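Before any comments, here is the structure.
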Protein chains: 2
Amino acid sequence: MLSQVVEGESQVHFRMHQFLARENGKPEALFYIQEGWACRYRLLSDGRRQITALYLPGDYCDPQWVLGGVSSQPVVAITNVRALRLPCRIPSRADFDGQHAFWKALAGMIERQTNWLVSLGRMTALERIAHLLLELFDRMRQAGLAYGQQCAMPLTQIEIADMTGLTPVHVNRTLQSLRARELIELQSKWLRIPELSALRDVFAMTG
Amino acid sequence: MLSQVVEGESQVHFRMHQFLARENGKPEALFYIQEGWACRYRLLSDGRRQITALYLPGDYCDPQWVLGGVSSQPVVAITNVRALRLPCRIPSRADFDGQHAFWKALAGMIERQTNWLVSLGRMTALERIAHLLLELFDRMRQAGLAYGQQCAMPLTQIEIADMTGLTPVHVNRTLQSLRARELIELQSKWLRIPELSALRDVFAMTG
DNA sequence: CGGACTATTGAAGACGTTCAAGGTATGTGG
DNA sequence: CCACATACCTTGAACGTCTTCAATAGTCCG
């Protein structure tokens with residue numbers, strides 16, 4: 001149907017490890033993720049990697065592109081991804097709902113990025129990983145992708161390390177510690193949080 | 001003159017340690033900083049603090065407020081501050097230049113925040129502080145406030161610690177190391193960088 | 001001049017890293 | 001269906017960066 005292809009809007013697919021955007025290029029499109037996970041990251045010349053954003057179903061990737069900049073960091077698919085390809089500019093003013101939703105999404109991304117700064121700067125390994133898992137579970141729940149107390153968790157421990165600023169070895173030991181305290185169950189890419197409040201007690205945020 | 005007070009725009013002053021915004025409140029105004037430094041931060045319940053944004057002359061504080069959210073973090077003046085108080089919404093569409101400049105400012109803040117994630121997550125103390133000082137010098141230069149190879153640097157070592165996720169003690173030792181290598185001169189709130197390229201070589205970024 | 005905040009120094013200790021090895025899952029082709 | 005390769009996970013031991021605690025000196029400002 002032609003009517004579905006409004007302003008170049010169309011559905012696209014990416015395979016695991018495929019790039020949605022490369023660095024130093026003008027992003028050619030804005031993607032509305034419908035299924036799968038992706039992430040933005042930066043590499044240092046000696047191989048150290050820091051993931052700087054995670055895109056889940058329902059997220060725009062990357063919202064800041066509409067502000068007119070370039071994509072200074074690559075975005076890669078963590079799992080297979082199905083997305084809507086949108087024109088890379090501020091949503092039409094006629095579409096008030098869409099515009100409002102988009103600004104809200106951008107504000108949400110900034111808010112999460114700020115929380116992440118606190119996590120990386122001032123939290124211990126245990127707190128960082130608890131914080132990450134809680135955020136992921138919450139976002140999956142808001143996307144309607146949580147089932148009871150569990151949700152999919154496709155990240156490898158290496159990817160968790162690259163998000164939390166730790167080494168894979170220490171991520172492994174920290175996850176074991178969380179498991180031993182019965183705060184999480186995590187196996188075969190599936191996360192279960194028996195008691196949200198118990199996991200939240202791990203870190204001590206004010207406000 | 002009445003014509004200078006357009007849409008409630010007016011000049012305001014804040015003294016050192018005075019709040020421009022408190023947490024969990026709807027921000028009442030957007031501030032265009034004309035003079036002085038301010039910062040946004042979060043406190044953990046045990047006293048740990050992480051600064052999550054720094055506002056220098058020429059910056060909007062806080063750009064994300066126009067996206068319609070609440071200010072989830074307090075903003076406090078580091079020095080005395082003189083600012084322009086603007087209505088807290090997206091700049092008028094009639095003012096194309098202003099609008100464009102504002103989006104560029106917002107994009108710049110997001111970009112810096114992203115770089116900060118890399119710094120906190122994957123860089124050593126030496127790299128983090130070199131990175132911070134370079135960013136500050138660069139922003140001061142762009143604001144026309146650098147004189148040759150030097151600029152004002154009103155931050156205390158405690159504030160540097162709260163930005164870089166380190167302890168004040170370690171910040172002190174790391175600064176001494178930078179001084180010993182003759183990469184920086186820093187005394188009485190004044191920073192001099194003899195060779196930008198030498199300081200840049202401290203950290204190894206790709207891209 | 002006195003008080004408070006900031007900077008500096010030393011020594012001991014903790015958290016996380018590094019290196020290395022072995023074990024477990026997952027997918028692919030024969 | 002099994003064999004094999006690759007990636008991921010797990011474990012141990014030694015090490016290093018950064019923290020913590022504590023005490024002293026310096027600076028700013030009323």
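None of these values were measured; they are calculated from a predicted model. In the text below, chain A, chain B and the rest are named by the order of the sequence lines, each starting its count at 1.
- The nearest whole Å value for the distance from the CZ atom in A:R15 to the P atom in C:dG27 is 12 Å.
- Centroid-to-centroid, the aromatic rings of B:F14 and B:F31 come within less than 6.0 Å.
- The residue A:R179 sits close only to the backbone: its heavy atoms come under 4.0 Å of sugar-phosphate atoms, none of a base.
- Considering only side-chain N and O atoms, A:Q157 lies under 4.0 angstrom from the phosphate OP1 or OP2 of D:dT10.
- Regarding A:R128, its CZ atom lies at a distance of 7 Å from the P atom of C:dG16, rounded to whole Å.
- B:R42 and B:E23 are not joined by a salt bridge, as no carboxylate oxygen comes within less than 4.0 angstrom of a charged side-chain nitrogen.
- Protein atom CD1 of A:I129 is 12 Å distant from nucleotide atom P of D:dC9, rounded to whole Å.
- Taking atom CG on A:D46 and atom P on C:dT18, their separation rounds to 10 Å, with Å as the unit.
- In this structure, CG on B:L175 lies 11.5 Å from CG on B:L183, to the nearest 0.5 angstrom.
- Using a 4.0 Å heavy-atom criterion, one finds that B:T124 contacts the sugar-phosphate atoms exclusively.
- For A:S188 and A:A125, each mapped to the nucleotide of DNA chain C holding its nearest heavy atom, the one lying further toward the 5' end belongs to A:A125.
- In this structure, B:I158 atom CD1 and D:dC28 atom P are separated by 15 Å, rounded to whole Å.
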Verify side chain to side chain contact (heavy atoms under 4.5 Å, CB included) between B:W116 and A:Q113, making sure each step is shown before the conclusion. CA-CA 10 Å; B:W116 228 332; A:Q113 201 159 290; over 6 Å; no

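- One finds a side-chain N or O of B:Q176 lying less than 4.0 angstrom from the OP1 or OP2 phosphate oxygen of C:dT9.
- Rounded to whole angstrom, the span from the CZ atom of A:R173 across to the P atom of D:dG12 amounts to 8 Å.
- The side chain of A:V169 sits closest to D:dG12 out of D:dC18, D:dC9, D:dG12.
- Whole-Å rounding puts the B:L155 CG to C:dA7 C1' distance at 15 Å.
- For B:N172, a side-chain nitrogen or oxygen approaches OP1 or OP2 of C:dT8 to under 4.0 Å.
- Relative to the side chain of A:H170, the nucleotides D:dC9, C:dG16, D:dA22 differ in distance, and C:dG16 lies closest.
- The CG-P distance, from B:L166 to C:dA7, rounds to 15 Å in whole Å.
- Ionic pairing of B:R85 and B:E28 is present here: one or more N-O contacts between side-chain nitrogen and carboxylate oxygen are shorter than 4.0 angstrom.
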